[in-house]
There are 2 protein chains.
Amino acid sequence: MRSTPRTEAFPAHTPAAAQIFTTVLSHGPLTRSDMAARAGLSAAAVTKAVRPLIEAGYLVEEAGDEARPALGRPANSVRVDGGRALFIGVKVTGDEIIAVLTDLCCRIRVARHVPLPAREPQPVLTAVADLVHELLAEADGFGVQVQGIGVAVSGDVDRAAGEVRLSPFLEWRDLPLAELVEMTTGLPVTVDNDVRALTVAEQWFGAGVGLSDFAVVTVGAGIGCGLVVHGKVVSGAHGVAGEIGHVVIDPTGPLCHCGNRGCAEAIAADPAIVAAVRDATGLPVADAAQALELARRGDPGAREVYARAGDAIGRAIATVANLMGPERVIISGEGLAAYDLFAEQIRDAFAASAFGTAARCDLLTRPLLFDEWARGAAATAIQSFIGGPPHGTG
Amino acid sequence: MRSTPRTEAFPAHTPAAAQIFTTVLSHGPLTRSDMAARAGLSAAAVTKAVRPLIEAGYLVEEAGDEARPALGRPANSVRVDGGRALFIGVKVTGDEIIAVLTDLCCRIRVARHVPLPAREPQPVLTAVADLVHELLAEADGFGVQVQGIGVAVSGDVDRAAGEVRLSPFLEWRDLPLAELVEMTTGLPVTVDNDVRALTVAEQWFGAGVGLSDFAVVTVGAGIGCGLVVHGKVVSGAHGVAGEIGHVVIDPTGPLCHCGNRGCAEAIAADPAIVAAVRDATGLPVADAAQALELARRGDPGAREVYARAGDAIGRAIATVANLMGPERVIISGEGLAAYDLFAEQIRDAFAASAFGTAARCDLLTRPLLFDEWARGAAATAIQSFIGGPPHGTG
DNA sequence: TTGATTCTTTTCCGCCGTCAATGAAAGAAA
DNA sequence: TTTCTTTCATTGACGGCGGAAAAGAATCAA
């Protein structure tokens, strides 16, 4: 067996250095003066923060002399060398494990997935370890160390403690997951809730870059929501936040597994849509793909179900916007495959329900590939590696 | 006319000093070691931060040797000298102006109110200036300077800019209120949204002390909500947040002025209750007091209206709890006069609609006196005076 | 070559907060 | 009474971080 790889420490020991690095990471190549302006620091501080990062190879000077203003000394851009470090992100769902190998810029290099052998912690841990070791072998091919692992699980996760408090899908309780995976891999492990992990990825590498207040809404098997307020991901006082799936849209609507009627999730999540399409058409629709095909073919009953789902999603998003006033809401999730069927309803319902200036909030859709969840997990690992504020500033 | 009083600068020029002071302000008398522990600073830093504050008279040693542990040198408690500085808080409602004179601990010394002469900015400004000058005269009697004025207005207010962007009740738009009041009073003025101001008061002087995530829900002429997330009051990217009043509770419910049906405000705010009681009983009920009396006397129609209102409020609070996961929700507002009529419904609806650990959130009611809104405004003035982070840390 | 302009680095300095040692105020033990 | 122990508070030295200002570097224009 391979000797346990030793990870190195990220050479940003001052807050300013971490801030500078994340600024470059998120905002692409930047000149030193740009960094100073964006980070609110002096030029001198930037020089001092950048040097050790360049020496350690995390930042590199960029030759790109594109379109400079013809006068004065040309500015030297600096960018993150994505290839300097690798990370592994793992997402454990109810029926499979997805893992990706990413670089420091969170670009996916390799993706793998295997079916979940069973739901008990032990077989899942073994499967995760196997998958991680596969990716570590791949990483050897790049000649670069893997510096950390992120694991994303749905449910109540305490990132700081590295524990899964409660995962209904997997039926886990108070499992010290970070410690367990660290033992089998020898690498630092960050455990976080899946939606929060996806939100971190958007905040650092996606459509949330530079925003201090935004939300990520995921539509799929469930309906989730990650929130960033004051530049930090919201975790809630009791470890749970963003439960948009249980915002009640219609108190006379279908029964939800939470016991109430007409939750967003009971109207617009995949299982609810499948059930509603079956009801509306009388056809033996088995899964979301079949429901989608039926609607695409023009079945009026199925189309109506999707329209209602879109309306529910739009209302739920408006509720979030009314309460927190985000600058942008990023809509994502497997359910977006049906986006053409309910886009209009989402926007209409949002516009009708958003109050006052909350309506100025920008709605953005972002198709979610199957490995995106795992990429979110990798983003949390990158965040931990850089060691900025836990759930760091945008 | 009195010569314009000069205000002094608060002698806390380092972040640590401001943090220490607000810690003592919120957590009552503290020994130096307590401060160090709470603020996460070294004992030495505390000593250095405290000295200038004592020399300037803002902090005083307290002789209180209560219950000390019989061993070792007794600890010296330090507390804020509330009488060291005075502040004025002004709340402008749709039909009156309420002003209070408070001390540095936000204890009300004098309260005044006058009817609103008209809604145009000019007469309101004159009335505010008159009221402020009355309170300044009172302050002379205490022999202490007034160090700042806070003004609270409902609607979209940009505190940093000191502008009222839009106040529907008063029909104001883009009014540089802080600047205008500063001109007539010569004192520093802080302008903020009324619910946010009340939230600041709870955060620094009330039931939100020490909590990094909580919400304040106000029930009365409207239904509002102030949020504190990550220790800071949420203002929203577009200046508006906490619009809990327009969370839809029942899409088939009564029409709301926002254009939708069944908003919390259209069910549980005072005007909605009055209208519903009138409908239910056929009696010419004119205002909330009459509706309340009717229900207290046992009229079943009226009682049912209050029960429905309580249910709506409970559901709305659950929505907030599900989304943000606050540690506590403080329920307040004039509407609480009817608390006995809907307390049970609020709690039941909350318990039924709160999902998972969000239900652990603590519901607290806090009776709201008529001058509490103005006190909130004073709290914002105190906050600005101390100059901690804008919408400072808990 | 000199100058103008702009970006970057260097050098110096101030400031803040920690560390470690010292001092202070009690009660307990001798 | 004296000394010890314990805990709280203060002092002074130290180190680190970030800013200001001046010097250096790279380019084009005259």
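Note on naming: letters A, B, ... go to the chains in the order of the sequence lines (proteins, then strands), and numbering restarts at 1 for each one.
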Checklist entry - Is the B:Tyr58 ring parallel, tilted or perpendicular to the B:Phe385 ring (thresholds 30°, 60°)? => result tilted
Item to check | Listed partners of B:Phe205 passing ring pair (Phe, Tyr, Trp, His ring centres under 6.0 Å), at least two apart | outcome: none
Checklist entry - Does the side chain of B:Asp103 come within less than 4.5 Å of B:Arg109's, by heavy atoms? => result yes
Is there any protein nitrogen or oxygen under 3.5 Å from a nitrogen or oxygen in nucleotides 16-18 of chain C, and what are the pairs?
residue: C:dG17; atom: OP1; partner: B:Thr14; partner atom: OG1; Å: 3.4
residue: C:dG17; atom: OP1; partner: B:Ala16; partner atom: N; Å: 3.3
residue: C:dG17; atom: OP2; partner: B:Thr14; partner atom: OG1; Å: 3.0
residue: C:dT18; atom: OP2; partner: B:Ser42; partner atom: N; Å: 2.9
residue: C:dT18; atom: OP2; partner: B:Ser42; partner atom: OG; Å: 2.5
residue: C:dT18; atom: O4; partner: B:Lys48; partner atom: NZ; Å: 2.5

Checklist entry - Could you give the CD-to-P distance, from A:Glu62 to C:dC7, as a whole number of Å? => result 17 Å
Item to check | Side-chain N,O (A:Arg51) to OP1/OP2 (C:dT9) below 4.0 Å | outcome: no
Item to check | Whether over 12 other heavy atoms sit under 6.0 Å from A:Glu61 CD | outcome: yes
Item to check | Terminal axes of the helix from C:dT1-D:dA30 to C:dA30-D:dT1 (five pairs each): angle between them, nearest 10 degrees | outcome: 30°
Next on the checklist: Using 0.5 Å steps for rounding, measure from the OG1 atom of A:Thr47 to the CZ atom of A:Arg32.
Outcome noted: 6.0 Å
Checklist entry - Whole Å only: how far is the CG atom of B:Asn76 from the C1' atom of D:dT7? => result 12 Å
Item to check | Candidate nucleotides D:dA26, C:dA24, C:dC7, ranked by approach to the side chain of A:Ser33 - the nearest | outcome: C:dC7
Checklist entry - Taking atom CG of B:Asp81 and atom CD1 of B:Ile54, what is their separation to the nearest 0.5 Å? => result 11.0 Å
Checklist entry - Can you tell me how far the CG atom of B:Leu86 sits from the CD1 atom of B:Ile382, to the nearest 0.5 Å? => result 9.5 Å
Checklist outcome for this item: Taken to the nearest whole Å, CD/A:Gln19 to P/D:dG18 is 9 Å
Item to check | Nearest-angstrom distance from the residue atom CD of A:Glu61 to P of C:dT9 | outcome: 7 Å
Checklist entry - Do A:Glu202 and A:Arg375 meet the salt-bridge criterion of a basic N to acidic O distance under 4.0 Å? => result no
Next on the checklist: Could you tell me how far apart B:Met35 (CE) and D:dA9 (C1') are, to the nearest whole angstrom?
Outcome noted: 11 Å
Checklist entry - Does the side chain of B:Arg73 get closer than 4.0 angstrom to OP1 or OP2 of C:dG23 through an N or O atom? => result no
Checklist entry - How many angstroms lie between CD in B:Glu62 and CG in B:Leu30, if you round to the nearest 0.5 Å? => result 10.0 Å
